[in-house]
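What follows is one structure encoded as structure tokens, with my remarks underneath.
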Amino acid sequence: MVKLVFLGPPGAGKGTQASLIADFYEVPHISTGDILRTNVAEKSSLGIQARNYMDKGDLVPDQLILDMVKERLENPDAQKGWILDGFPRTVTQAEEFFKKCEAGGEKAKSGSFFHVINLQVPDDVLVARLLSRGRQDDKEETIRNRLQVYYQQTQPLIEFYKARQQLIIVDGDNYIDAVTSALKQAVDKIYPK
Ligand code: ADP
């Protein structure tokens, strides 16, 4: 069963690649950023609570995210596997998610309930990509804050998953097609198609 987490700084291409890989393996692409943006657009209670954090480039509080992901993963389509994009993003989220997987009966035998892909891209490339994207939270000041938040709160997850032997590193500083091929090659070793 394909279960992958896409890690990586903002602008690394997580969304694009996660969506392509999800289509390839026919599992849902679950992007916390997309779910949050839908909630903001619909002015749901979650959206109203999340909006200010997102506009500033700060993280939405863990508990809101954990509830949101839990609910999404209970959907029937997620029972045959999933690709998570943008979650976990803090050590607290990773630890709570670990407990949830364990409670769900998944074996930690080899230390891996799921695998984690880190897309590596240099900072200057990230900023250039984000500036050219033009999403509501892609203003220069917000971008700088998002990168800082990434280094403080999300980057520690690389060590977290490395220590648990769940981490796969893929070079994301290349053309979209080239990154997709590299990813498929890496993922095929775990989930041969
Ligand atoms: P990017 O990867 O380019 O930063 P995302 O679409 O993944 O963009 O996320 C956009 C915003 O949504 C983040 O800046 C943050 O405010 C919020 N967000 C998304 N996922 C999470 C998460 N797991 N925990 C906290 N906040 C999140």
Side-chain angles (χ1 to χ4, degrees), residues 3-22 28-73 78 82-101 114 116-158 160-161 166 170 172-173 176 179 183:
K3 290 184 173 178
L4 289 172
V5 163
F6 273 63
L7 210 62
K14 291 190 303 280
T16 307
Q17 298 297 341
S19 163
L20 291 165
I21 299 294
H29 167 212
I30 301 176
S31 156
T32 47
D34 286 349
I35 302 175
L36 287 168
R37 280 185 287 278
T38 303
N39 276 275
V40 170
E42 288 169 350
K43 297 193 167 67
S44 72
S45 142
L46 171 63
I48 291 163
Q49 294 178 79
R51 190 186 170 149
N52 280 336
Y53 297 101
M54 295 172 74
D55 283 347
K56 280 191 273 178
D58 288 335
L59 293 184
V60 174
D62 285 334
Q63 201 52 54
L64 290 176
I65 298 289
L66 285 162
D67 291 345
M68 177 182 101
V69 171
K70 180 173 181 286
E71 191 188 318
R72 179 62 186 87
L73 288 176
W82 37 255
I83 294 197
L84 277 172
D85 160 15
F87 174 91
R89 220 167 173 119
T90 64
V91 173
T92 304
Q93 291 178 17
E95 283 171 344
E96 290 302 314
F97 190 53
F98 187 88
K99 283 190 220 158
K100 181 193 164 341
C101 294
F114 50 86
V116 180
I117 292 174
N118 187 42
L119 281 179
Q120 256 174 349
V121 178
D123 258 11
D124 52 337
V125 177
L126 295 175
V127 175
R129 283 186 187 175
L130 292 168
L131 279 174
S132 69
R133 195 165 67 174
R135 209 171 64 193
Q136 178 171 336
D137 57 349
D138 286 340
K139 294 182 264 316
E140 192 159 354
E141 207 180 294
T142 313
I143 290 172
R144 271 203 222 100
N145 188 38
R146 273 161 56 210
L147 280 175
Q148 221 177 344
V149 167
Y150 167 79
Y151 286 114
Q152 281 168 4
Q153 308 204 50
T154 308
Q155 207 186 31
L157 293 182
I158 294 177
F160 181 96
Y161 287 121
Q166 286 173 275
V170 174
D173 186 16
I176 291 179
V179 177
L183 266 170

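Reckoned from all heavy atoms, side chains included, excluding hydrogens, waters and symmetry mates. Start at 1 and go down the list; that is how both ligands and their atoms are numbered.
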Check your understanding: Going by atom types only, do D55 and Q136 share a side-chain donor-acceptor pair under 3.5 Å?
Key ->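 Per modelled atom types, D55 and Q136 side chains form a pair under 3.5 Å.
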Between [X] and ligand 1, which part of the residue brings a heavy atom under 4.0 Å of the ligand: side chain, backbone, both or neither?
X	value
R133	side chain
L36	side chain
I65	side chain

Practice item. Look at atom CZ of R129 and say whether more than 12 heavy atoms of other residues, nucleotides or ligands are closer to it than 6.0 Å. Key: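 Yes - once you tally the heavy atoms of other residues, nucleotides and ligands closer than 6.0 Å, there are more than 12.
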**Study point:** CD1 (I176) with more than 12 external heavy atoms under 6.0 Å
**Key:**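 12 or below, so no.
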Please write down residue, atom name and distance for the protein heavy atom closest to [atom].
atom	value
atom 8 (O) of ligand 1	R135 NH2, 3.2 Å
atom 11 (C) of ligand 1	M54 CE, 4.1 Å
atom 26 (N) of ligand 1	V60 N, 3.0 Å

Output yes when the distance from some N or O of ligand 1 to some N or O of [X] is under 3.5 Å, and no in every other case.
X	result
R89	yes
R37	yes
R146	yes
T32	yes

Practice item. Please find out if less than 6.0 Å separates the ring center of F98 from that of F160. Key: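 Between F98 and F160, the centre distance exceeds or equals 6.0 Å.
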**Study point:** ligand 1 contact by K56, heavy-atom criterion under 4.0 angstrom
**Key:**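 For ligand 1, residue contact (heavy atoms, under 4.0 Å) with K56 is absent.
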Please could you name the atoms of ligand 1 that [X] approaches to less than 4.0 Å, counting only its heavy atoms?
X	result
G33	5 (P), 6 (O), 9 (O), 19 (C)
D58	15 (C), 16 (O)
Q93	22 (C), 23 (N), 24 (N), 25 (C)
G86	20 (N), 21 (C), 22 (C), 23 (N)

Point to revise | Salt bridge flag under 4.0 Å for residues K70 and D67 | key: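 Salt bridge absent between K70 and D67.
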Practice item. Decide, yes or no, whether a salt bridge links D62 with R89 under the criterion of side-chain N to carboxylate O below 4.0 Å. Key: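 Looking at R89 together with D62, the answer is no, because their closest N to O distance does not fall below 4.0 Å.
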Point to revise | Partner set under ring-ring contact (aromatic ring centres under 6.0 Å, His included) for Y150, not counting sequence neighbours | key: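 Testing Y150 for ring-ring contact (aromatic ring centres under 6.0 Å, His included), a comparison that skips the adjacent residues, returns none.
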Check your understanding: Is L4 close to L84 at the side-chain level, that is, under 4.5 Å between some pair of heavy atoms?
Key ->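 No - every pair of side-chain heavy atoms lies 4.5 Å or more apart.
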**Study point:** For E96, side chain to side chain contact (heavy atoms under 4.5 Å, CB included) partners two or more places apart
**Key:**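 L66, T92, K99.
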Point to revise | Nearest heavy atoms of N39 and I35, plus distance in Å | key: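 Minimum heavy-atom separation between N39 and I35: ND2-O, 2.8 Å.
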Practice item. Have a look at R129, K14, Q136 and point out the one with the heavy atom closest to atom 2 (O) of ligand 1. Key: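 Among R129, K14, Q136, the closest heavy atom to atom 2 (O) of ligand 1 belongs to K14.
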